[in-house]
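Here the structure is a predicted model, which means the values were calculated and not measured. Below, each value reflects all heavy atoms present in this structure, side chains not excepted, and no hydrogens, waters or symmetry copies.
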Amino acid sequence: MQSGSDATGSDARLAETTFAAEVLASVATAPPTAVVLIDGPSGAGKSTLADQVLAGWPGERRPTLVRLDDIYPGWGGLDAGIEHLERHVLAPRRAGRPAAWQRFDWTVEAPLEWHTVDPHRPLIVEGCGALARAHTALSDIRVWLDAEDQSRKRRAIARDGERFLAHWDEWQQEWETYYAREDPARQATIRFFAPG
């Protein structure tokens with residue numbers, strides 16, 4: 001297990017760039033259809049890191065990016081999102097079969113269209129629950145990104161607004177249950193702590 005950077009201080013952008021560079025260094029030695037999972041609590045910076053890894057991906061074969069926020073079936077859907085990812089994306093893809101995920105529309109609160117995932121392209125999955133134990137054997141690079149609790153909440157609310165604030169405690173409880181059960185940081189091959 002690699003020991004990742006422990007970034008502290010005020011230069012969050014520099015830390016994020018360093019984090020992406022470390023993930024991309026691992027990509028260079030991974031299979032051409034590598035699966036990269038990025039997990040951590042809400043507001044830690046997973047989406048930003050995933051975007052940077054996608055933008056810096058080497059070679060012509062661009063990865064598919066799947067965000068678990070697009071899969072969870074509502075605020076109580078963390079476990080369902082984990083199961084959906086394994087059953088419909090990671091397991092079929094690892095077997096070389098077509099894979100797909102179904103988008104949950106948070107406005108109408110219903111599952112809508114399916115999105116295919118090419119098993120011949122690299123894959124990045126980011127979101128709470130990505131490092132569930134069942135996903136370990138179905139992935140190549142597993143990234144854990146954490147941050148201080150108050151900073152996380154501030155960033156999450158700034159990103160998602162009052163709607164998330166109303167559900168913060170509910171989601172945090174689901175997260176803590178997942179964390180205690182799955183020990184996701186232990187599944188990581190790379191770990192980071194984001195600055196406040």
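When all heavy atoms of His84 and Ile71 are compared, the closest pair comes out as CD2-CG2, 3.5 Å. Minimum interatomic distance between Arg62 and Trp57 (heavy atoms only, all atoms of both residues): NH1-O, 2.9 Å. Between Ile82 and Ala132 the shortest heavy-atom distance is CG2-CB, 3.6 Å. Across every non-hydrogen atom of Pro92 and Glu86, the tightest pair is CD-O, 3.7 Å. Pro63 and Arg121 get closest at one heavy-atom pair: O-NH2, 3.2 Å. Ala80 approaches Pro73 most closely through the heavy-atom pair CB-CG, 3.6 Å.
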Discussion item. Is there a side-chain contact (heavy atoms from CB on, under 4.5 Å) between Leu90 and Leu123? Walk through the geometry before answering.
Written reply: CA-CA 9 Å; Leu90 297 179; Leu123 174 65; 4.0 Å; yes

Practice prompt. With side-chain contact (heavy atoms from CB on, under 4.5 Å) as the test, would you mind laying out the steps for Thr64 and Val66 before giving the verdict?
Written response: CA-CA 7 Å; Thr64 300; Val66 175; 4.2 Å; yes

Fill in: side-chain contact (heavy atoms from CB on, under 4.5 Å) between Leu37 and Ile124, worked out
CA-CA 6 Å; Leu37 305 178; Ile124 302 168; over 6 Å; no

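Taking a cutoff of 4.0 Å between a charged side-chain nitrogen and a carboxylate oxygen, Asp69 and Arg103 do not qualify as a salt bridge. Taking the charged nitrogens against the carboxylate oxygens, Lys46 and Glu126 have no contact shorter than 4.0 Å, which rules out a salt bridge. Arg186 and Asp183 are joined by a salt bridge, as a carboxylate oxygen and a charged side-chain nitrogen come within less than 4.0 angstrom of each other.
In this structure, the side chain of Gln172 does not engage the main chain of Ser42 through any donor-acceptor pair within 3.5 Å. The closest donor-acceptor contact from the side chain of Arg133 to the backbone of Pro184 lies at 3.5 Å or more, if one exists at all. In this structure a side-chain-to-backbone donor-acceptor pair under 3.5 Å is present from Tyr72 to Cys128. Side-chain atoms of His135 come within 3.5 Å of backbone N or O of Ala130 as a donor-acceptor pair. At least one donor-acceptor pair closer than 3.5 Å links the side chain of Arg191 to the backbone N or O of Ala185.
Distance check, rounded to the nearest 0.5 Å: CD1 of Ile38 to CG of Leu145 gives 8.0 Å. Atom CD1 of Ile141 sits about 11.0 Å away from atom CD of Glu22, to the nearest 0.5 Å. Distance check, rounded to the nearest 0.5 Å: CD of Glu174 to CG of Asp79 gives 6.5 Å. Of the inter-residue distances, the one linking Gln102 atom CD with Asp70 atom CG reads 12.0 Å to the nearest 0.5 angstrom. If you take OG1 on Thr189 and CZ on Arg142, they are separated by 5.5 Å, rounding to the nearest 0.5 Å. Here Ser139 contributes atom OG and Leu85 contributes atom CG; the two are 9.5 Å apart, rounded to the nearest 0.5 Å.
Looking only at side-chain heavy atoms (C-beta outward), Val36 and Asp140 stay at 4.5 Å or farther from each other. Side-chain contact between Leu49 and Val143 is present, with at least one heavy-atom pair separated by less than 4.5 Å. Arg61 places a side-chain heavy atom less than 4.5 Å from the side chain of Thr33. Between Pro58 and Leu24 there is a side-chain heavy-atom pair separated by less than 4.5 Å. A 4.5 Å side-chain heavy-atom check between Pro119 and Arg97 finds every atom pair outside the cut-off.
For His88 and Trp101, the gap between ring centers reaches or exceeds 6.0 Å.
For Pro41, the side chain to side chain contact (heavy atoms under 4.5 Å, CB included) test picks out Ala44, Trp144, Asp146, Arg152, Trp175, with sequence neighbours left out.
Judged by distance alone, the side chains of Asp39 and Tyr179 never bring a donor and an acceptor atom under 3.5 Å apart.
Aromatic ring orientation, Phe19 versus Phe192: parallel (interplanar angle below 30°, classes split at 30° and 60°).
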